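Have a look at the structure below, then the notes.
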Amino acid sequence: MIKIGALVSGGGTNLQAIIDACESGYIDGKVVSVVSSKDGVYALERAKKHSIEGCVINKKMYGDDTDDVLIKHFQDREVDLIVLAGYMTILSEKFVNAFKNRIMNIHPALIPSFCGDGFYGLHVHEAALKKGVKISGATVHFVSPITDGGPIILQKAVEVRDDDTPETLQKRIMEEAEWKIFPEAIKLFAENKLRVENDIVRRSDK
Ligand code: GRF
């Protein structure tokens, strides 16, 4: 069973999907710690409801030492994997290198579209609608020092409708893609079925 650490900043619906997948046995793992960059977010409530340790670690509290504090936090808990479940802060190269190919992020678009600096939250969906794409979706990837640039693990396409607003598109992408492929990617990791070769993810079950 793998130990999972989670970094969050908001509502935590992806975190919930991961917790549920662990509790149902779909993922052979356990979320052992939820760290938020913000106080009072609902993701911390979700952790509490499932008796998972939750805390806040951010720049306001630790300044330039923040990433060192985060590294120690997760090393002390011996986590195998860190999931960025709606984490709105960019991690330093030092943090990423401390957990190389052991940090996963979910991005609400089909990378390399609508990703990188500035593409977060509703901005991603606004950009997709402005471009008039007919398909968007979600991507789970390992985290590298380049924002949204790490090796891609899973992607799922979602239809864009003519009457979509950024909010309706965000909701459909969460329901039809994010909450499915994030737990699926973690399941594959827990089963040791993911290999990264030259920045490309290969699956040993395919
Ligand atoms: C999701 O859309 C995710 O793709 C993005 O941030 C949002 C987080 O939502 N990285 P939640 O906190 O998991 O509900």
Side-chain angles (χ1 to χ4, degrees), residues 4-23 26-27 29 31 33-50 52 54-58 70 81-91 95-96 103-129 133 135-160 164-187:
I4 302 164
L7 282 165
V8 299
S9 302
T13 59
N14 279 286
L15 173 69
Q16 189 67 55
I18 294 164
I19 293 172
D20 292 347
C22 289
E23 290 187 352
Y26 176 71
I27 295 171
V31 180
S33 182
V34 174
V35 178
S36 175
S37 61
K38 287 187 203 157
D39 236 330
V41 297
Y42 194 64
L44 287 173
E45 279 303 306
R46 295 182 193 271
K48 204 167 161 191
K49 280 189 186 156
H50 291 265
I52 298 166
C55 66
V56 178
I57 296 176
N58 61 28
L70 281 173
L81 178 71
I82 295 168
V83 294
L84 310 189
Y87 187 57
M88 295 300 179
T89 304
I90 303 287
L91 291 161
F95 184 93
V96 173
I103 310 169
M104 278 184 196
N105 181 46
I106 180 98
H107 183 73
L110 295 173
I111 290 174
S113 290
F114 313 116
C115 67
D117 293 334
F119 287 98
Y120 61 89
L122 282 174
H123 298 305
V124 178
H125 308 294
E126 279 159 12
L129 292 176
V133 292
I135 288 171
S136 190
T139 303
V140 186
H141 63 93
F142 283 120
V143 173
S144 78
I146 301 161
T147 309
D148 299 326
I152 292 170
I153 304 166
L154 291 175
Q155 294 188 294
K156 191 167 194 298
V158 172
E159 170 206 14
V160 178
D164 264 330
T165 62
E167 288 79 8
T168 60
L169 183 58
Q170 178 183 54
K171 183 166 179 281
R172 188 169 335 102
I173 289 176
M174 282 182 155
E175 290 170 354
E176 292 183 12
E178 295 185 39
W179 301 340
K180 293 184 178 148
I181 61 172
F182 210 176
E184 190 184 343
I186 298 167
K187 176 186 171 68

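Positions are given from 1, in the same order as the sequence printed here. Order of appearance sets the numbers: ligands from 1, and atoms from 1 within every ligand. All of these numbers come straight from a predicted model, not from anything done at the bench.
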Task: Atom indices of ligand 1, in the order listed, that fall short of 4.0 Å to a heavy atom of Met174 - done: 1 (C), 2 (O), 9 (O), 14 (O)
- [ ] Work out which heavy atom in Thr13 is nearest to a heavy atom in Met174; give both atom names and the distance.
- [x] OG1-CE, 3.8 Å
Task: Closest protein heavy atom to atom 1 (C) of ligand 1, given as residue, atom name and distance to 0.1 Å - done: Glu178 OE1, 3.1 Å
Open item on the list: What I'd like to find out is whether the side chain of Pro108 reaches to under 4.5 Å of the side chain of Glu178, using heavy atoms alone.
Closed with: yes
Task: Identity and distance of the protein heavy atom lying nearest atom 6 (O) of ligand 1 - done: Gly86 CA, 3.6 Å
TODO: Within a distance under 4.0 Å of any heavy atom of Gly11, pick out the atoms of ligand 1 and give their elements.
DONE: 12 (O)
Task: Stepwise side chain to side chain donor-acceptor pair (under 3.5 Å) check, His50 with Gln16 - done: CA-CA 10 Å; His50 291 265; Gln16 189 67 55; 3.2 Å; yes
Task: Distance-only N or O hit between ligand 1 and Thr13, under 3.5 Å - done: yes
Task: Residue pair Phe119 / Asp148: nearest heavy atoms and the distance that separates them - done: O-OD2, 4.3 Å
Task: Crowding at OH, Tyr120 (>12 non-hydrogen neighbours, <6.0 Å) - done: no
Task: For the student: nearest non-hydrogen atoms of Gln155 and Ile111, plus distance - done: NE2-O, 3.0 Å
Task: Candidate with minimal heavy-atom separation from atom 13 (O) of ligand 1, of Ile106, Val8, Val124, Asn14 - done: Asn14
Task: Contact (N/O only, under 3.5 Å) between Gly12 and ligand 1 - done: yes
